[in-house]
2 protein chains.
Amino acid sequence: MEQLSILIEGSARHVHVTCEALETLFGKGAELHNVRELSQPGQYLTEERVRLEGPKGAIDRVSILGPERPATQVEISLTDARSLGITIPVRESGDVKGSGAVKIIGPAGSIELTEGAIAAKRHLHLTPETAEKYGFKDKSSVSVTVPGERSLVFNEVVCRVSASFENRMHIDTDEINAAGISGEVFGTVVNC
Amino acid sequence: MEQLSILIEGSARHVHVTCEALETLFGKGAELHNVRELSQPGQYLTEERVRLEGPKGAIDRVSILGPERPATQVEISLTDARSLGITIPVRESGDVKGSGAVKIIGPAGSIELTEGAIAAKRHLHLTPETAEKYGFKDKSSVSVTVPGERSLVFNEVVCRVSASFENRMHIDTDEINAAGISGEVFGTVVNC
């Protein structure tokens with residue numbers, strides 16, 4: 001059977017904010033300013049940058065992605081978490097209950113986030129057509145082989161299927177580096 | 001056939017120095033001070049720390065490993081290389097020709113290393129007895145499966161066989177984090 005080849009994108013560290021958090025960080029009436037569209041329709045990189053602080057360190061100029069969301073969420077790598085001195089779980093986006101704590105600092109104010117810091121679980125965005133064609137179900141796990149001098153096979157890759165998606169694999173910067181990915185690299189999806 | 005289970009160790013960023021480099025960085029007559037033995041016999045963590053500088057950033061308090069070596073070598077992750085603003089290849093230890101450039105700063109002086117900065121290629125240290133028993137040859141490549149919520153299979157893992165070794169898998173911090181390894185984790189070696 002034909003195997004799905006999928007473009008791999010690395011997600012750099014970023015923050016999602018609620019409307020309320022945006023005003024706390026950037027001031028009353030603040031708005032997000034779209035810099036460029038991301039691969040998933042409706043998602044965009046903004047001009048807005050914040051500082052993250054933990055007990056052991058800080059990271060400056062972390063991007064906010066738009067649009068606003070129902071919960072504030074900080075997506076960083078485990079390397080970042082270690083340098084900040086915080087502990088974070090590997091979670092799917094939106095699943096933040098009991099996740100890591102971190103301080104977010106903006107030009108107008110700061111937020112002591114008590115939960116919401118996660119390392120994103122690696123995942124595929126799939127259109128219903130692609131999922132159907134290759135037999136991948138929403139929320140199922142697959143494995144993805146990455147070629148190259150740091151070739152590896154990612155297991156435990158969760159499939160997410162929606163008509164609003166483009167076909168992409170999303171992994172974090174630790175995973176990008178562990179796989180030695182540079183530029184446009186395609187993975188091959190294997191049903192487990 | 002029985003499969004080899006091997007303890008995985010993460011190599012944090014570190015520097016190997018020549019006797020000459022040690023004196024440049026720490027002063028005439030400087031010596032390395034052993035803090036603790038590492039898993040590979042004869043190798044040890046030292047008290048000595050240096051600063052690494054690149055065009056875009058710096059990393060402080062990087063450990064030197066002893067004993068002294070014939071060539072100065074800086075082993076960092078690709079995450080580190082990006083934060084320093086330098087480009088480094090994935091190489092086996094000792095294979096530094098044409099590798100990355102970085103500045104090393106010690107309390108007594110600094111070195112503009114024109115080559116010697118690498119991301120270490122993942123590898124196994126194997127005793128001759130283990131290599132023989134499982135059919136792994138020196139310099140051959142194998143794959144290693146890592147269990148867990150970030151389960152993956154590392155391909156392109158080079159075997160190194162020596163009577164002076166203990167059985168261990170060595171990977172860098174990006175790879176440790178990509179595999180979600182925390183504490184004592186064993187990989188399963190698969191012959192390719």
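Proteins come first, then strands; the chains are lettered A, B, ... in the order of their sequence lines, and each starts at number 1.
For A/E37, the CD atom counts as densely surrounded, since its 6.0 Å shell holds more than 12 non-hydrogen atoms of other residues, nucleotides or ligands. Within 6.0 Å of atom CD in A/E132, 12 or fewer heavy atoms from other residues, nucleotides or ligands are found, so the atom counts as exposed in its surroundings. Residue B/E47 places its CD atom among more than 12 non-hydrogen atoms of other residues, nucleotides or ligands, all under 6.0 Å distant.
A/V189 and A/V161 fall within the same hydrophobic cluster, where Ile, Leu, Val, Met, Phe, Trp and Tyr residues are linked whenever their side-chain heavy atoms come under 4.5 Å apart, directly or through other members. Under the 4.5 Å side-chain heavy-atom criterion for grouping Ile, Leu, Val, Met, Phe, Trp and Tyr, B/V102 is not connected to B/I118 through any hydrophobic cluster. Side-chain heavy atoms closer than 4.5 Å link hydrophobic residues (I, L, V, M, F, W, Y) into clusters, and following such links, possibly through other members, connects B/L78 to B/V15. Using a 4.5 Å cut-off between side-chain heavy atoms of Ile, Leu, Val, Met, Phe, Trp and Tyr, with links allowed through other members, B/L124 and B/L38 fall into different hydrophobic clusters.
When each of B/L152, B/T145, B/V153 is tested with A/V153 by the rule side-chain contact (heavy atoms from CB on, under 4.5 Å), just one qualifies, namely B/V153.
Once rounded to the nearest 0.5 Å, the distance linking CG of B/N177 with CG of A/N177 reads 10.5 Å. Here the straight-line distance linking atom CZ of B/R91 with atom CD of A/E149 works out to 9.0 Å at 0.5 Å rounding. Distance check: B/D174 CG to A/D174 CG gives 5.0 Å after rounding to the nearest 0.5 Å.
Heavy-atom pairs under 4.5 Å with chain A were tallied for B/T173, B/I176, B/D172; the largest tally goes to B/D172. When the candidates A/A178, A/A119, A/G148 are compared by the number of heavy-atom contacts under 4.5 Å with chain B, A/A178 comes out ahead. Each of B/V90, B/V144, B/V157, B/V146 has some count of heavy-atom pairs under 4.5 Å with chain A, and the biggest count is that of B/V90.
A donor-acceptor pair is defined here as one N or O able to donate and one able to accept, closer than 3.5 Å; no such pair exists between the side chain of B/R150 and the backbone of A/K121.
Of the two parts of B/R82, neither the backbone nor the side chain holds a non-hydrogen atom closer than 4.5 Å to a non-hydrogen atom of chain A.
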